[in-house]
Number of protein chains: 2
Amino acid sequence: MEDKKKVRSNCGVSLSLDIIGDKWSLLIVRDLAFLGKDTYGDLLKMEEGIATNVLADRLVVLEKAEIITKEIFVGSKSKFKYRLTEKGIDLYPIIMEIMFWGSKYCEVKPEQIGIAKMTKQQRDAFTKDVMKKRHKELTERS
Amino acid sequence: MEDKKKVRSNCGVSLSLDIIGDKWSLLIVRDLAFLGKDTYGDLLKMEEGIATNVLADRLVVLEKAEIITKEIFVGSKSKFKYRLTEKGIDLYPIIMEIMFWGSKYCEVKPEQIGIAKMTKQQRDAFTKDVMKKRHKELTERS
DNA sequence: TTTATTTACTTGCATTTTACAAGTAAATGC
DNA sequence: GCATTTACTTGTAAAATGCAAGTAAATAAA
């Protein structure tokens, strides 16, 4: 994995996709943001089955981009805890919109079908709530 | 380019990223959605410089996914017009959220800096407006 | 205290995707 | 009738991803 910080343009969409525009990054953020996962092992077990080297690689990229932080578990020397930064938590609205689009146009699992029927207000409220929770965790620990 | 319809899971985020989770698809949609582009040549000239074979490949994928349509220009046999479907127009809120995140955390070009300062209401209104315009075009032609 | 297991990776290699340069073929413009 | 436009295709190199196996330190179990 080389350090290649080449930027395609200065458009916000392009700059963002330079970082998160791949098939895995947002799934990692999804699992951290609302599936309660926070270790390498947890993330490795995500239902989509990410390859171990790809996960390792992505975690380094996301950490360098300051989307996640890596810290040692208290009382343990062999466990690390990955957590979203504020920048990472702010990716949540993107994920929510993607999830909404998916639930509208793709054959999603039963639990997610309902999302397509949510009103914009409901979705916004849900998004706000998740972000608030993660943000609270973030400020409480330091 | 092979037909590989393998799906990683039935999560809406994952299913969506199976289609649009790459560095180019959403930039193509961006250019179609609000830069007024509609031909292969136009898209090829996008500021990020997409490779010609990648563009050709992505257009096929997006057409198969029913995100865009391809039609012949009236009065011309050598020009094609690419346009967003409703499913494609519905990607706009995702792009808008990505643009917002980018304008907040990346070094975007001067014209986009202001986006980071927009209130949620303003962004929602803008998004709604762009979608309304595209949707109007879509219904007017048929 | 030795042994097994957990945790977080790395390494090597095959496959796929993307990048870059060049070429093609039909339609149009001059 | 010849150059140009338009929309690609082809070939090849480089990068990203997928898969299987291996490693090394820390912890738990016997």
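Per chain, numbering begins at 1; letters A, B, ... match sequence-line order. Since the model is a prediction, treat every value here as computed from it, not as a measurement.
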Undergrad: Hey, are A:Thr69 and A:Arg83 close enough side-chain-wise for a donor-acceptor pair under 3.5 Å?
TA: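 Result is no, nothing qualifies.
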
Undergrad: Centre of B:Tyr92's six-membered ring, under 6.0 Å away, within 45 degrees of the axis: is that where NZ or CZ of B:Arg134 sits?
TA: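 Ring-cation test returns no.
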
Undergrad: In a check of side-chain contact (heavy atoms from CB on, under 4.5 Å) between A:Asp124 and each of A:Gln121, A:Lys128, A:Lys120, which one passes?
TA: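 Exactly one option meets the side-chain contact (heavy atoms from CB on, under 4.5 Å) with A:Asp124, and it is A:Lys120.
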
Undergrad: For A:Glu48 and D:dG18, what is the distance between atoms CD and P respectively, to the nearest whole Å?
TA: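 Atom CD in A:Glu48 sits about 12 Å away from atom P in D:dG18.
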
Undergrad: B:Asp57 CG to D:dC8 P: how many Å, rounded?
TA: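 In whole Å, D:dC8 P lies 12 Å from B:Asp57 CG.
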
Undergrad: Hey, does the side chain of A:Lys70 come within less than 4.0 Å of C:dC9's phosphate (OP1/OP2), counting only N and O?
TA: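 So the side-chain polar atoms of A:Lys70 do come within 4.0 Å of the phosphate oxygens OP1 or OP2 of C:dC9, strictly under.
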
Undergrad: Between B:Trp101 and A:Lys87, is there a donor-acceptor pair closer than 3.5 Å when you use the side chain of the first and the backbone of the second?
TA: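 It does hold such a pair.
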
Undergrad: So does A:Asp129 pair up with A:Lys133, basic N to acidic O under 4.0 Å?
TA: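 Salt bridge: yes.
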
Undergrad: For the pair made of CD1 in B:Ile72 and P in C:dA26, what is the distance, rounded to whole Å?
TA: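 B:Ile72 atom CD1 is separated from C:dA26 atom P by 17 Å.
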
Undergrad: Does A:Ile67 offer a backbone N or O that forms a donor-acceptor pair with the side chain of A:Thr85 under 3.5 Å?
TA: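 Indeed, once roles are kept as given, a pair shorter than 3.5 Å links the two residues.
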
Undergrad: For DNA chain C, determine which residues of residues 20-35 of chain A have any heavy atom closer than 4.0 angstrom to one of its atoms, and list them numerically.
TA: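 Under 4.0 Å from DNA chain C: no residue of residues 20-35 of chain A.
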
Undergrad: Taking only Lys NZ, Arg NE, NH1 and NH2, and the carboxylate oxygens of Asp or Glu, determine whether B:Asp31 and B:Lys37 approach each other closer than 4.0 Å.
TA: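 Judged by the 4.0 Å cut-off on N to carboxylate O distance, B:Asp31 and B:Lys37 do form a salt bridge.
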
Undergrad: Before you tell me yes or no, could you show the steps for A:Glu97 and A:Thr127 under side-chain contact (heavy atoms from CB on, under 4.5 Å), namely the whole-Å CA-CA distance, both residues' side-chain angles and the distance that decides it to 0.1 Å?
TA: CA-CA 10 Å; A:Glu97 288 298 337; A:Thr127 305; over 6 Å; no

Undergrad: For A:Tyr105 and B:Ser16, test the side chains for any donor-to-acceptor distance below 3.5 angstrom and give the result as yes or no.
TA: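 No donor-acceptor contact under 3.5 Å links the two side chains.
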
Undergrad: Please determine whether a side-chain nitrogen or oxygen atom of B:Tyr40 lies at a distance below 4.0 Å from atom OP1 or OP2 of D:dT9.
TA: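 Result: no.
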
Undergrad: Between D:dT9, C:dC9, D:dT6, which nucleotide has the shortest distance from any of its atoms to the side chain of B:Lys79?
TA: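 Among the listed nucleotides, the one closest to the side chain of B:Lys79 is D:dT6.
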
Undergrad: Please give, in whole Å, the distance from C:dT17 P to B:Asp18 CG?
TA: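 Distance check: B:Asp18 CG to C:dT17 P gives 12 Å.
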
Undergrad: Rounding to an integer number of Å, can you tell me how far A:Leu59 CG sits from C:dT10 C1'?
TA: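 Whole-Å distance recorded here is 14 Å.
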
Undergrad: Is there a donor-acceptor contact under 3.5 Å from the side chain of A:Ser25 to the main chain of A:Gly21?
TA: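 Flag not set: sc A:Ser25 to bb A:Gly21 has no pair under 3.5 Å.
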
Undergrad: Closest approach to the side chain of B:Val54, judged atom by atom: which nucleotide of D:dT9, D:dT27, C:dT18 is it?
TA: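 It is C:dT18.
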
Undergrad: Write down the distance between CD (B:Glu63) and P (D:dC8), rounded to a whole number of angstrom.
TA: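 Atom-to-atom, B:Glu63 to D:dC8, this comes out as 9 Å.
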
Undergrad: Within the sub-3.5 Å range, which N or O atoms of nucleotides 20-25 of chain C have a protein N or O partner, and how far apart are they?
TA:
residue	atom	partner	partner atom	Å
C:dC20	N4	B:Asn53	OD1	3.3
C:dC20	N4	B:Asn53	ND2	2.9

Undergrad: Among C:dT18, D:dT6, D:dT17, which nucleotide sits nearest the side chain of A:Arg58?
TA: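 Side chain of A:Arg58 sits closest to D:dT17.
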
Undergrad: Name the nucleic acid region contacted by A:Tyr82, choosing base, sugar-phosphate or nothing; use a 4.0 angstrom heavy-atom cut-off, strictly under.
TA: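 It contacts sugar-phosphate atoms only.
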
Undergrad: Once you round it to whole Å, what is the distance between C1' of D:dA16 and CG of B:Leu17?
TA: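 Nearest whole value for this atom pair: 16 Å.
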
Undergrad: May I ask you to decide if B:Asp18's main-chain N or O and A:Lys23's side chain share a donor-acceptor pair within less than 3.5 Å?
TA: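 Yes.
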
Undergrad: Between atom CG in A:Leu55 and atom P in C:dT10, what is the gap in whole Å?
TA: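 So the two atoms are 10 Å apart, to the nearest Å.
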
Undergrad: Find which nucleotide of DNA chain D each of A:Ile50 and B:Phe73 is nearest to by heavy atoms, and output the residue with the more 5' nucleotide.
TA: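 Here B:Phe73 is the residue nearer the 5' end.
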
Undergrad: Could you give me the CA-CA distance, side-chain angles and deciding distance for A:Leu43 and A:Leu32, then say whether side-chain contact (heavy atoms from CB on, under 4.5 Å) is met?
TA: CA-CA 8 Å; A:Leu43 291 168; A:Leu32 292 171; 4.2 Å; yes

Undergrad: Once you build an axis from the first five pairs and another from the last five of the helix from C:dT1-D:dA30 to C:dC30-D:dG1, how far apart in angle are they, to 10 degrees?
TA: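 Between the first-five-pair axis and the last-five-pair axis there is 10°.
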
